[in-house]
Amino acid sequence: MSDVASHCPYCALQCAQTLSPRPEGLGVSGRPFPTNRGGLCQKGWTSADLLRVPDRLTTPLVRSADGTLQPATWQEALDLVADRLARIRAEDGPDAVAVFGGGGLTNEKAYQLGKFARVALGTANIDYNGRFCMSSAAAAANRSLGVDRGLPFPLTDLAGAQAVLLLGSNLAETMPPAVAHLAGVRERGGLLVVDPRRSATAALSDVGGGLHLQPVPGTDLVVLLALLHVVLGEALADTEYLQDRTVGSEEVRRRAASWWPERAEQVCGVPAATLRRTARLLAAAAPAAGGTGAFVLTGRGVEQSTQGTATVTAAINLALALGLPGRVGSGYGAITGQGNGQGGREHGQKSDQLPGYRMIDDPAARAHVAAVWGVDPGSLPAKGKPAVELLASLGTPGGPRALLVHGSNVVVSAPNAQRVAERLAALDLLVVCDFVPSETALLADVVLPVTQWAEEEGTMTSLEGRVIRRRKAVEPPAGARSELWVWSELAGRLGSEGTWATDPAEVFDELARASAGGRADYSGLSHARLDGDEPFYWPCPAVPPGAEPHLGTPRLFLESFPTPDGRARLVPVDHHGPQDGLRPDAPLHLVTGRVLQHYQSGAQTRRVQRLNDTVPKAYVELHPLLAARIGVAEGEPVRLTTARGAVSVPARVTDTIRPDTVFMPFHWGGRSSVNRVTNDATDPLSGMPEFKVCAVDVTAARMRPEAHRSEQEVRV
Amino acid sequence: MTRLVVVGNGMVGSRLVEDVLAADSAGRFDITVLGAESCHPYNRVLLSEVVAGAYDLAALTLPTPVHDRLTVHRGTTAVAIDREDRVVVTETGRRHRYDQLVIATGSSARIPPLDGLSASAPLPAGVHALRTIDDAREIVAATLNARRAVVLGAGVLGLEAACGLARRGVRVTVVHPAQALMERQLDHDASRILEAAMIRLGIDHHVGMGAQSALVDGGRLGGVRLADGQLVDADLLVLSTGTVANTALAEAAGLAVGRGVVVGDDLASPTDRRIFAIGDCAQPPEGGSGLVAQGWEQSRRLAAMLSAGSPAPAGTTQYGSARASAASASAPHTPPGRPPASGAPAPGTDVVRLKAHGLDVVTMGVCGSQRADDPAQRTVRLSDPDAGRHVEVVVSGGALVGATCIGAGEVAADLVAAYTRRTPAPADPAYLLLPMLAGTSAAATTRVAPADLPPETTVCRCNAVTKADLTTCVDHGAVSLADVARATRATTGCGGCTDDVCGLLDWLRDSRDTTDRGENRLTKEKHMTNTAEIAAL
């Protein structure tokens, strides 16, 4: 086989790769492309190792009478699953079967999974792990801007910016090649990073690169309200833009009047002078002030919160006040995390959505999609439960009795994961499709081995809304099948209506038709068209025969916003703080996040030796003053106790973190899983859990007498 | 339906309406607001910023909720409460019936007993309090002609006004009868540091010196005579000599009134439990602080109590949850916290933060030199008068219970965060005196000479390549950056380490071969030309 142009299997940056099939295995190298400019991080360079992990699943597994997972044929496994699904459905109705998807699935799979749930299973109960990633940003952008496309502009637009306000994103760690796009703004001293840790990204603002704001965890919304206060109070807003292109600014202005910087400082811990400086730098960079451009970007750090939607709304309010969205070289964007976190949230995996980003409670949307699917609109289920609620309902009276999991490792990645494990155990049937025996797969009744990444064709939609092709470079191992095939087989066994294509190009064509006229309109696209050299950003609608084909939409909002009146909405929001506030027996903040070498639950990256050698196990970061107070030295075990449980991991002592905060990465399962202690309280609008902050007690896992003594000595 | 009448449409009264509407999910309340001022509610705290010219008046307007169960009467003064009929009477004789009544009438500027001034007559031209939006407007207008101003009273407001006027180019003299500036917050030592800072701003001051009379000529101010007979020429006098709670309405209705309307922990009047008082007009058990944070916390608490129909304890949430009433719908599981010890203010509501341009003062909780003789408390102080810096912390039981910061910069923000959330203090409280977040590790490693970098230092983060890896690579024959990139992947992620890797290679080559210099030195430009080659690997 010759070289194949494709993209990295991991994050939403979707770095371009050249895959070179060789006798000794697949070679991987970076390929010039606007987002990664030929670069790859260590995960990308080692991605071919994923294809040859030693415990790759190559045969279906079925839990036997003795409780162990035993190999089975596809026929046996699928018959078993279909039979039990049918029985559960017959006994308790279609909603007794639930589906959990993933933001790593291709567009074709995400689409087909949503269809499978609604048509073949007839269940309302489908949601996906994107609920943990993008739902707050999505809810806020839909409400304020009329559409949710993570970056409504090409990433390369950042190059000319004079200021970039980056909130809760550690992209130097999570998508390293993206850092190159910040070179310009760093030279101009305008990289403004908001993060409770001096992360690798925050450190980019050192030495004249910009400013680092290090707020108390859970108070980012206050930072944003104070920045807006300064912009409005000091008359730095783009009043013409507010008048011509928005509604709602007066109410938001009044809300911001209560958040003068000195008050905000008391809540968020960022000095008032720094808040003012940040607001002025940002405002000076805005086009209305004659600057070269300004961006406000949010990441999971501010979104994974019970006030995540409000926080993103505040970020959008700030961007609108400065007249940024819809201006070339400026804007607001959310930095999508998972590989297909964007496409994965557009085509029907979400409990409340149908393909094309249509809402499932919209009669016109139901009619359109039902027509494409060849079913009665009335047969489509209503809105289902969002992820946390769905997981909590598993195996409860009246809740789902069966769960199908695709592209997710919920027992590691969901908040309050101990409870999730309990819910999974209460199910009558757990079916997991994966290509490695993840922690969740190991709990399943049936495990179905599926193809991955370089073994399959499909499309992904990157963080900038660009639809790109994932291409096959190697044959999958004998025994592994595509999910498309799995769903087709199950649909057949369940006697489902509709057609169940297994060719990704064919599924894409159906997806395109289903998305036509929706917010995320792919109807003008096809695999063949995407195989050319032109970049395509959605929306890219089909055109009547004979007309010039649509070229896609690299930049949204240039003329108007996709709202009924064409204007963006400023929506008043206010701060209430984390659900799990500090208390005497949990007096510190716990925040979580990623490390460069690992991805999500680590099910993939922990199996890549070169990555695992670099960061082999979980740890907790704590400030030297905290370490000294509790008597812990580097590498010694620390116990983190929250209202939900406890974990013990080695200490990593660093002065890059606030002394009132500890940080733990979330890539490990079992006893090293930080999600055993994170909070599953959710945002009321988005259903997103509050992963990013909870109250914790931090102690030495083994009490050392000398630590006690040194504390005494200080008092003398 | 419960008829709730709120007298007062200021910062606290209007906030209460918002909080009640947010907390009243059952839709039980029908709310009537009577506000004496004819304008929308505004942020009084920022009036000194208007005086300073930093803010436009329009930026001060606060939210005015619109709701079908809410009626707001602006420009309507309540003149009587008929408790028997449960009616509030306005100046036009209109009667508003209530089931529950909240008095949030705030306070007025105290007019000091100076010769030439009268608390009952209008102030002479050139003399202004700074309490209302009209006061601010008039002071700003006066600065157009005023050359010299006296600010009488150097509390928070007085100092903010003085700095604001100075920022406008007015020559300012501060006259303060107490022995220390901001004497409710600062001791003598701290005051001396602040006085020095004022001199640097060109603001004259007389501390420990009262004013005797305002010299008025033809209805216009000409100067101020101090207690020692000294005359200060002035065409503008700003009175910032404290406030008086607006209690006349309550007093006339027979409610218990002290310095303010007396209320219990439940914010209800002991005389009539249908009547509540919050904000500056109230006198709760712990005393009124005059800070809006206290009024807003009372508003949150009262709204929760009214909507729940039962008392909510004080300080039920951490300070970050000050708007917990609005949050209750989304965070139903908020665990009840512990109310503060009797008499203590709710956490975070006694932080005083000066917004004066040029003066940096933050105080909270216990002041070291004024604290009670409590052996559990420990005061640590950093005194740096030559740099205008003074930081004092008081710790007790492993937590920060008070701090005084002058010229302390970022330390103050750290201390407020620790104080309001009661996070544990370091084992040695002396660490609290310097910025805890001023880490050095990241910045320090970026510009260290190659020879001095420890071998385990990560040079290329994207690909986890250490100095030792690069050394090994060169030892195995790598010459060019492309060689190194091919072998280690260094520089092939974000490219940000290219300069560092080139520097290291130069050093490695130099340290291994002293003859072959110049021609083969690696530069960033050469790397750029090599990119295509690397990409094609």
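Every chain is numbered from 1, with letters handed out A, B, ... down the list of sequences. Keep in mind the model is a prediction, meaning the values are calculated, not measured.
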So which part of [X] gets closer than 4.5 Å to some heavy atom of chain B, the side chain, the backbone, both or neither?
X	answer
A:V252	neither
A:S258	both
A:R197	neither
A:E690	neither
A:A172	both

* To do: Over all heavy atoms of both residues, which pair between A:Q266 and B:T420 is shortest? Give the atoms and the distance, please.
  =>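 Minimum heavy-atom separation between A:Q266 and B:T420: O-OG1, 3.9 Å.
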* Asked: Where is the tightest heavy-atom contact between A:A272 and B:R353, given as atom of each residue plus distance?
  ->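 That closest heavy-atom pairing would be CB-NH2, 3.5 Å.
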So for [X], is it side chain, backbone, both, or neither that comes closer than 4.5 Å to the heavy atoms of chain A?
X	answer
B:V465	neither
B:A430	neither
B:A58	backbone
B:A54	backbone
B:L62	both

How long is the straight-line distance from [atom2] of [Y] back to [atom1] of [X], given to the nearest 0.5 Å?
X	Y	atom1	atom2	value
B:C462	A:E173	SG	CD	9.5 Å
B:E410	A:T274	CD	OG1	5.0 Å
B:N43	A:H229	CG	NE2	7.0 Å
B:Y431	A:R629	OH	CZ	14.0 Å
B:R300	A:H576	CZ	NE2	13.0 Å
B:N463	A:Q597	CG	CD	8.5 Å

* **Closest-packed option against chain A by number of heavy-atom pairs under 4.5 Å, given B:L46, B:L60, B:D56** =>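 Of B:L46, B:L60, B:D56, B:L46 has the most heavy-atom pairs under 4.5 Å with chain A.
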* To do: Look at B:A59, B:A413, B:A417 and state which one has the largest set of heavy-atom pairs under 4.5 Å with chain A.
  =>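 Heavy-atom pair counts peak at B:A413.
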Identify which of [options] forms the greatest number of heavy-atom pairs closer than 4.5 Å to chain B.
options	value
A:V230, A:V179, A:L596	A:L596
A:A202, A:P572, A:G44, A:P177	A:P177
A:V216, A:L626, A:T46	A:V216
A:P261, A:P587, A:A178	A:P587
A:G218, A:G233, A:A180	A:G233

* Give a yes-or-no answer on whether the side chains of B:T61 and A:R253 include a donor-acceptor pair shorter than 3.5 Å. =>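 Side chains of B:T61 and A:R253: no pair found under 3.5 Å.
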* Asked: Would you say the side-chain atoms of B:R421 pair up with the backbone N or O of A:V267, donor to acceptor, closer than 3.5 Å?
  ->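 It does hold such a pair.
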* Steps toward salt bridge (Lys or Arg N to Asp or Glu O under 4.0 Å) verdict (B:K355, A:E265) -> CA-CA 12 Å; B:K355 298 187 307 305; A:E265 171 189 291; over 6 Å; no
* Considering residues at least two apart in sequence or located in another chain, which fulfil the side-chain hydrogen bond (donor to acceptor under 3.5 Å, both in side chains) criterion with A:K43? ->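 With sequence neighbours excluded, A:K43 shows a side-chain hydrogen bond (donor to acceptor under 3.5 Å, both in side chains) to no residue whatsoever.
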* After noting the C-alpha distance and the side-chain angles of A:R276 and B:E49, does the key distance pass the salt bridge (Lys or Arg N to Asp or Glu O under 4.0 Å) rule? -> CA-CA 14 Å; A:R276 286 212 166 79; B:E49 295 280 12; 3.5 Å; yes
